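Values below: every heavy atom of this structure, side chains too, minus hydrogens, waters and symmetry copies. Please read all numbers here as calculations on a predicted model, not as lab measurements.
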Amino acid sequence: MLFTGLLLGFLVIAFFLFVYFNKPDYSGKLDLNGLQEEVTVYFDEVGVPHIYAQNETDAYFALGYLHAQDRLWQMELVRRVGAGRLSEVFGESMVETDKFFRGIGIAEASEASLSKIDTASASYLMARAYINGINLFIDNGATPVEFRLLGIKKENYTVKDIFNVYGYMAFSFAQAHKTDPFLTGLNQKLGSAYLEDLDIKLNPGATIIQNYHRNIVSEVASNISGAVNSIMETLPVPPFIGSNSWVIGAKKTKNGKVILANDPHIGYSQPAVWYQSHIVTPNYEMYGFNLALTPFPLLGHNRKYAYGLTMFQNDDIDFYLEDSLQQFGTRKEIIKVKDEDDVFFEVRTGKGGRL
């Protein structure tokens, strides 16, 4: 009994020590390499950081450090989705998901976007500072328990990781990946009259291209919609889908000021999808809501203006099935799989670099 009691006591003490040394710092003073001047951070009663800095670069450096302190594991997951690197964490069950995201070429699109960026622009410098803040925490801060449980090593971040998150967000907002193949399958199997009963009508001005490979079209459409639905159901991060917003002009309000309402429907998650932050410098102020690994708030306001984010239900993507032979390039991909051999596969690429 004595031995059992001592062992239990040791485990309790070890647990509390683990929690104590791994919890975020919300008070005290830190000497952070990379800051140009002193930055003051005040955390309010609900944990929102209010960052007061002498310049925007220091402010975004501090934001990156604080964001990583509170949400590093969330950042790790969301950066791996678009890059097709979930199998490194979750094993074989995520190989098909990684293949899908490698195939649509988010990482390649990020590289192309980065090559066109003005690296001397203010936005790039602030994003770079944000990444530097994250990496400083990775190098010197506590390791989240998820990394320890899964045996994952922390890796430094780059600006490309931010673009990969935006790429995943763009994919999530694009409804056509989900609806167009599904509706095509219905049209091929049941006919356009069935769709009209659902109040879904083909554009009367559209030219319908006759396709003699009806079964192939139906099969391809079914495969695409099935794959996308399966992926969205198994992702370890919430899909970024849906939103509403509206604005009332100043002439129609009682106090003569504009009213903005914004309601993004991003799925619930724990921790929360949004990370609130408030940045104040002599020339800039913004209270906003950031997604994981996004330096700039997607929703925000200050004393002069406010802005929101909404997704239009517009027809932004079209899919085509070619009846003739086409010449494709190929790109070799290697997916590292936890506790399994690497998976090698080829991605077909068209003229734009992606199929």
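- Atom CG of Asp341 has 12 or fewer heavy atoms from other residues, nucleotides or ligands within 6.0 Å.
- Residue Leu136 comes nearest to Phe61 through the heavy atom pair CD2-CZ, 3.7 Å, listed as atom of the first residue, atom of the second, then distance.
- Contact check on Glu146 versus Arg148 returns no salt bridge, with no Lys/Arg side-chain nitrogen under 4.0 Å from an Asp/Glu carboxylate oxygen.
- The shortest non-hydrogen separation linking Val39 to Ala53 is CG2-CB, 3.9 Å.
- Applying the 6.0 Å contact sphere to CD of Glu92 captures no more than 12 heavy atoms from other residues, nucleotides or ligands.
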Review point. Does the side-chain hydrogen bond (donor to acceptor under 3.5 Å, both in side chains) test come out yes or no for Tyr42 and His278, once each step is laid out?
Key: CA-CA 10 Å; Tyr42 164 71; His278 180 206; over 6 Å; no

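- Side-chain contact, Lys154 with Thr143: a donor N or O sits under 3.5 Å from an acceptor N or O.
- The ring-ring contact (aromatic ring centres under 6.0 Å, His included) with Phe296 is formed by just one residue from the set Tyr284, Tyr60, Tyr130; it is Tyr60.
- With no hydrogens or angles considered, no side-chain donor-acceptor pair links Asn135 and Asn132 at under 3.5 Å.
- For the residue pair Asn290 / Ser277, a side-chain donor-acceptor distance below 3.5 Å is found, with atom types taken as modelled.
- The side chain to side chain contact (heavy atoms under 4.5 Å, CB included) with Leu293 is formed by just one residue from the set Leu72, Leu77, Ile134, Asn164; it is Ile134.
- Under the side chain to side chain donor-acceptor pair (under 3.5 Å) criterion, the residue pairs touching residues 292-303 are Glu285-Arg303, with sequence neighbours excluded.
- Partners of Asp70 by side chain to side chain donor-acceptor pair (under 3.5 Å), not counting sequence neighbours, listed by chain and number: Tyr26, Tyr275.
- Comment: Lys99 does not engage Glu333 in a salt bridge, judged by the lack of any side-chain N to carboxylate O separation of less than 4.0 angstrom.
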Practice item. Show your reasoning for whether ring pair (Phe, Tyr, Trp, His ring centres under 6.0 Å) applies to Tyr166 and Phe171. Key: CA-CA 9 Å; Tyr166 291 147; Phe171 164 77; over 10 Å; no

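- In plain terms, the two heavy atoms of Asp58 and Gly34 that are nearest each other are OD1-O, 4.2 Å.
- Shortest non-hydrogen contact noted between Ile279 and Leu63 is CD1-CD2, 4.1 Å.
- Heavy atoms from other residues, nucleotides or ligands lying under 6.0 Å from CD of Glu38 number 12 at most.
- Nearest heavy-atom pair, Pro297 versus Tyr307, reported as atom, atom and distance to 0.1 Å: O-OH, 2.7 Å.
- A donor-acceptor pair is defined here as one N or O able to donate and one able to accept, closer than 3.5 Å; no such pair exists between the side chain of Asp342 and the backbone of Lys336.
- For Pro271, the side chain to side chain contact (heavy atoms under 4.5 Å, CB included) partners are Arg71, Gln74, not counting sequence neighbours.
- Taking all atoms of both residues into account, the shortest heavy-atom contact from Ser121 to Asp118 is OG-O, 2.8 Å.
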